[in-house]
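What follows is one structure encoded as structure tokens, with my remarks underneath.
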Amino acid sequence: MVGFVNDALEHVGGISLLARDTVRQGFRRPREWRNLVEQIHHLGVGSAPIVLTTALFTGMVLALQTAASWAAFGKLLIGDVVSLSIVRELGPVLSALMIGGRVGAGITAEIGTMKVTEQIDAIRALAADPVKKLVFPKVLATTFMLPVLTILGDFVGIVGGWMIACSELGQTSDFYLKHVRTALNVNDIFSGIGKTVFFGLFISTIACYNGMRTSGGADGVGRATTQTVVSASIAVLISDFFLTKLFLIF
């Protein structure tokens with residue numbers, strides 16, 4: 001137990017130091033604009049299909065379950081339940097978990113492979129900083145693109161609920177959309193999107209940290225990648241609780 005706590009504290013401390021160094025290096029010249037754009041396309045645009053597919057079917061399942069669970073009032077509440085569930089919780093959390101699995105694992109595998117093949121040492125030998133060159137563009141791209149993907153996922157999830165409500169449950173589009181509009185307010189949208197900024201920061205920093213600490217060849221890369229997926233998922237779920245309480249205060 002003591003060893004587990006020590007390891008956990010060591011990881012949290014190392015991740016915090018890497019986050020500090022990333023902020024410091026990110027604001028120094030020269031800017032890595034081209035690298036940043038490439039990361040936004042690779043990490044963000046490349047993740048859109050999996051995030052949107054997850055959101056679409058989540059909205060469809062929510063509509064079916066709402067109607068089936070509350071036989072008396074379920075059909076009337078489909079728009080309310082789907083929109084509030086997607087925008088407040090399911091959209092941000094599911095998008096973050098999908099990004100943690102795809103992007104987090106990819107970042108760790110890329111940086112970890114560079115670490116064990118001594119490419120990071122070569123970057124240092126050329127008087128360049130690997131945190132600025134590798135870590136900062138990935139952290140900024142993930143932190144920027146996760147809220148964007150979540151907004152798109154929220155919209156697609158609500159569309160999924162609308163498809164089921166209209167095609168299988170006999171509702172009209174006007175009735176469904178009226179309930180969506182009356183159920184949501186600015187705070188719901190702000191809290192859901194606001195949480196994803198922190199989720200993106202946590203996922204990308206954890207992934208980069210594990211990549212930079214990789215050792216042991218191909219086996220080490222595999223272990224670091226698995227650790228990233230587990231750690232990022234746990235970080236998203238735990239931080240979701242505290243961020244939800246924080247946003248409820250405002």
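Fair warning: this is a prediction, and the values are worked out from it, not measured in the lab. When reading the values below, keep in mind they use all heavy atoms of this one structure, side chains included, and skip hydrogens, waters and symmetry mates.
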Is a side-chain donor-acceptor pair under 3.5 Å present for Gln227 with His11? yes

Any side-chain heavy-atom pair of Val221 and Lys115 under 4.5 Å = no

_Side-chain heavy atoms of Val180 within contact of Asp80, under 4.5 Å_ = no

Rounded to the nearest 0.5 angstrom, the OG1-CZ distance for Thr22 and Arg24 is 11.0 Å

- request: Check for a donor-acceptor pair, side chain of Lys195 on one end and backbone N or O of Arg88 on the other, with a separation under 3.5 Å.
  value: yes

Closest non-hydrogen atoms of Ala55 and Gly153, given as atom of the first, atom of the second and distance, are CB-O, 3.1 Å

**OP:** Find out whether Leu146 and Ser95 are in side-chain contact, i.e. whether some heavy atom of one side chain is under 4.5 Å from a heavy atom of the other.
**Re:** yes

query = Does the side chain of Phe199 reach to within under 4.5 Å of the side chain of Thr143, using non-hydrogen atoms?
reply = no

Worked verdict on Leu134 versus Ile120 for side-chain contact (heavy atoms from CB on, under 4.5 Å) = CA-CA 9 Å; Leu134 299 175; Ile120 292 180; 4.1 Å; yes

### Task
For the pair Thr228 and Ile107, evaluate side-chain contact (heavy atoms from CB on, under 4.5 Å) and give the outcome as yes or no after the intermediate values.
CA-CA 9 Å; Thr228 291; Ile107 289 174; over 6 Å; no

In short, Ser85 meets Val81 closest at the heavy-atom pair OG-O, 2.7 Å

Pair Lys138, Glu110 - check side-chain contact (heavy atoms from CB on, under 4.5 Å), show working. CA-CA 11 Å; Lys138 291 177 169 54; Glu110 179 185 346; 3.3 Å; yes

Taking every heavy atom of Gly91 against every heavy atom of Asp154, the minimum-distance pair comes out as CA-OD1, 3.5 Å

> So, Thr113 and Gln119: side-chain donor and acceptor under 3.5 Å apart, yes or no?
Replying inline: no

| message | Quick check against the 3.5 Å criterion: does Ser239 have a side-chain atom that pairs as donor or acceptor with the backbone of Val236? | response | yes

- Heavy atoms, side chains only, cut-off 4.5 Å: are Asp219 and Arg223 in contact? yes

Answer with yes or no whether the hydrophobic clustering places Leu126 together with Val135; edges join I, L, V, M, F, W, Y residues whose side-chain heavy atoms lie under 4.5 Å apart.
no

Heavy-atom nearest pair, Ser47 first then Ile99, reads CB-CD1, 3.5 Å

Side chain proximity check, Cys208 to Leu18, heavy atoms < 4.5 angstrom:
yes

- Query: Is it true that Val45 and Leu149 fall in one hydrophobic cluster, defined by side-chain heavy atoms closer than 4.5 Å?
  - Reply: no

Thr142 and Ser204: side chain donor to acceptor below 3.5 Å: no

- Taking a hydrophobic cluster as the set of Ile, Leu, Val, Met, Phe, Trp and Tyr residues connected by side-chain heavy atoms closer than 4.5 Å, whether directly or through intermediates, do Leu56 and Leu177 fall within one such cluster? yes

Counting C-beta onward and ignoring hydrogens, is there a side-chain heavy-atom pair between Met145 and Leu43 closer than 4.5 Å?
no

Problem - pair Leu62-Ile86: side-chain heavy atoms closer than 4.5 Å - result: yes

Taken to the nearest 0.5 Å, the spacing of Leu201 CG from Thr196 OG1 works out to 11.5 Å

| query | What about Val229 and Val103, same hydrophobic cluster or not, with Ile/Leu/Val/Met/Phe/Trp/Tyr joined at side-chain heavy-atom distances under 4.5 Å? | reply | no

Counting only heavy atoms from other residues, nucleotides and ligands, does the tally under 6.0 Å from CZ of Phe155 exceed 12?
no

Would you check if the side chain of Asp121 reaches a backbone N or O of Glu118 as a donor-acceptor pair within less than 3.5 Å? no

Has the side chain of Thr205 got a donor or acceptor atom that lies under 3.5 Å from a matching backbone atom of Phe202? no

When rounded to the nearest 0.5 Å, the distance separating CG of Leu90 from CG of Leu84 is 11.0 Å

Would Glu89 and Leu94 count as a side-chain contact (heavy atoms from CB on, under 4.5 Å) if you check the C-alpha gap in whole Å, the side-chain angles of each, and the deciding distance to 0.1 Å?
CA-CA 8 Å; Glu89 283 300 328; Leu94 290 178; over 6 Å; no

Tightest non-hydrogen contact, residues Gly161 and Val82, listed as CA-CG1, 4.3 Å

Between Leu36 and Ala141, the two heavy atoms sitting closest are CD1-N, 4.0 Å

Problem - Single-linkage hydrophobic cluster, 4.5 Å side-chain cutoff, Ile151 and Val197 together - result: no

Discussion item. When you compare the side chains of Asn210 and Thr108, does any donor N or O come within less than 3.5 Å of an acceptor on the partner?
Written reply: no

Output for pair (Trp162 CH2, Ile78 CD1), nearest 0.5 Å, gives 13.5 Å

d(Asn35 CG, Phe136 CZ) to nearest 0.5 Å is 10.5 Å

Rounding to 0.5 Å, atoms OG (Ser231) and CD1 (Ile203) come to a distance of 11.5 Å

